[in-house]
Amino acid sequence: MKTLNKLFGAALVASLLFSCNDDFLETEPTEFISSDQIGDLSEQNPELQAANIKGIYALMYQNGTGGTDLRHTDFGQKSYDIYGDLLSGNMVMGGLNYGWYSNVADLTMTTDYNDTENYEAWRYYYRLIFSANLMIEQLNEDGEAPESEEGKVFYAQAKFFRGMSYFYLMNYFTQGYNAGTPGIPYYAEVGEAKEP
């Protein structure tokens, strides 16, 4: 029995000493694909750029893109169009349907920056910006627009998504344009901010 315990102990010590090798460690992030990884893979499969843009479009109608999977008011761009209509007075909410948009309709969400509706819109648009910046960096390797026609179309769409997102963020989270005061955080590169 003592011999068996010694053999087991020796095997355990050997496995601990020799099993930790850098070859087994993942050095690339696995949750999100980086712009460098996309660039390398795009050379092998040019359809990856089209899939990337389709992914940005898919963010615009998915549930939970604002970070709250269980809320019925978090379903992409159209939910924030409803926010904008209610906040501007273009639309009136006749009844409180299960509490949906009630904080938006009675304008209480604008008084508390910790309100969930504020978080949803903030996260949704910065998620679009992050995705667009990934695409822009991948297509803009040399600091210039891509040369292929298909690349130019994807590049323009990514720039549009980023610009549209900043437009909505400025409308929802600032009190008007004033050149002397800061507005909202601006991220032109992926490395400046992580995906929210």
Side-chain angles (χ1 to χ4, degrees), residues 29 31-35 37-38 48-91 93 99-140 145 153-196:
E31 186 178 359
F32 296 103
I33 190 167
S34 70
S35 58
Q37 290 171 320
I38 293 172
L48 184 61
Q49 294 172 349
N52 228 5
I53 283 294
K54 288 177 185 177
I56 297 174
Y57 278 108
L59 275 176
M60 297 185 77
Y61 61 82
Q62 283 180 333
N63 284 340
T65 53
T68 56
D69 293 331
L70 301 176
R71 291 181 52 93
H72 295 288
T73 57
D74 185 6
F75 54 90
Q77 180 61 42
K78 285 297 149 195
S79 65
Y80 305 110
D81 289 343
I82 293 170
Y83 278 27
D85 286 342
L86 287 170
L87 288 173
S88 68
N90 288 342
M91 184 169 79
M93 193 155 118
W100 297 356
Y101 299 108
S102 59
N103 291 344
V104 181
D106 62 11
L107 302 178
T108 58
M109 75 170 270
T110 59
T111 60
D112 183 11
Y113 67 90
N114 288 320
D115 198 276
T116 304
E117 282 87 357
N118 289 325
Y119 169 74
E120 286 176 16
W122 187 269
R123 178 162 185 205
Y124 168 74
Y125 286 114
Y126 274 109
R127 203 172 211 190
L128 279 177
I129 290 166
F130 179 80
S131 299
N133 281 342
L134 267 177
M135 190 73 184
I136 291 167
E137 276 189 18
Q138 188 269 318
L139 290 168
N140 191 7
V153 169
F154 295 146
Y155 185 75
Q157 289 179 42
K159 287 271 197 167
F160 164 76
F161 282 122
R162 186 171 69 185
M164 177 203 72
S165 298
Y166 280 120
F167 172 77
Y168 276 104
L169 283 167
M170 288 295 289
N171 282 314
Y172 289 153
F173 295 104
T174 61
Q175 295 181 357
Y177 177 73
N178 185 353
T181 60
I184 56 171
Y186 177 76
Y187 302 113
E189 297 177 6
V190 175
E192 293 176 348
K194 299 296 178 200
E195 199 275 339

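Quick note: residue numbers are just sequence positions, from 1.
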(Q) To the closest 0.5 Å, what do you measure between CD (Glu120) and OG1 (Thr73)? (A) 4.0 Å

Q) So how far is it from Arg162 CZ to Ile136 CD1, rounded to the nearest 0.5 Å? A) 4.0 Å

(Q) Checking the side chain of Asn118 only, and the main-chain atoms of Asn114 only, is there a donor and an acceptor separated by less than 3.5 Å? (A) no

**Q.** Tyr155-Gln138 side chain donor-acceptor pair, cut-off 3.5 Å
**A.** no

Q: Measure the acute angle between the ring planes of Tyr166 and Tyr186, then classify it against the limits of 30° and 60° as parallel, tilted or perpendicular.
A: tilted

Q: Assess the side chains of Asp74 and Tyr80: does a donor N or O sit below 3.5 Å from an acceptor N or O?
A: yes

Q) With no hydrogens and no angle check, is any side-chain donor or acceptor of Asn103 less than 3.5 Å from a backbone partner on Glu117? A) no

Q) Is the gap between the ring centers of Tyr57 and Phe161 under 6.0 Å? A) yes

Q. Any side-chain heavy-atom pair from Leu86 and Ile82 closer than 4.5 angstrom?
A. yes

Q: Give the intermediate values and the outcome of side-chain contact (heavy atoms from CB on, under 4.5 Å) for residues Thr116 and Thr68.
A: CA-CA 8 Å; Thr116 304; Thr68 56; 3.8 Å; yes

**Q.** Non-hydrogen atoms of Phe173 and Ile184 that approach each other most closely
**A.** CB-CG2, 4.3 Å

Q: Measure the shortest side-chain to side-chain distance between Gln77 and Tyr124 over non-hydrogen atoms and say whether it is less than 4.5 angstrom.
A: yes

Q) Between Glu137 and Val190, is there a donor-acceptor pair closer than 3.5 Å when you use the side chain of the first and the backbone of the second? A) yes

Q | Atom of Ala158, atom of Ile53 and distance for their closest heavy-atom approach | A | N-CD1, 4.2 Å

Q) Side chains of Leu169 and Ile129: closer than 4.5 Å at any heavy-atom pair? A) yes

Q. Do Tyr101 and Tyr83 make the cut of ring centroids closer than 6.0 angstrom?
A. yes

Q. Roughly how far, to the nearest 0.5 Å, is OG1 of Thr65 from OH of Tyr125?
A. 9.5 Å

Q: Output the distance between atom CG (Asp85) and atom CG (Leu87), rounded to the nearest 0.5 Å.
A: 9.0 Å

Q: Report the residues that fulfil side-chain contact (heavy atoms from CB on, under 4.5 Å) with Ala58, sequence neighbours left out, ordered by chain and then residue number.
A: Tyr61, Gln62

Q) Between Tyr172 and Tyr168, what is the ring plane arrangement, given parallel below 30°, perpendicular above 60°, and tilted in between? A) tilted

(Q) Does Leu128 form a side-chain contact (heavy atoms from CB on, under 4.5 Å) with Met164? I'd like the steps, not just the answer. (A) CA-CA 9 Å; Leu128 279 177; Met164 177 203 72; 3.9 Å; yes

**Q.** Minimal non-hydrogen separation, Tyr119 against Gly66, with atom names
**A.** CE2-O, 3.5 Å

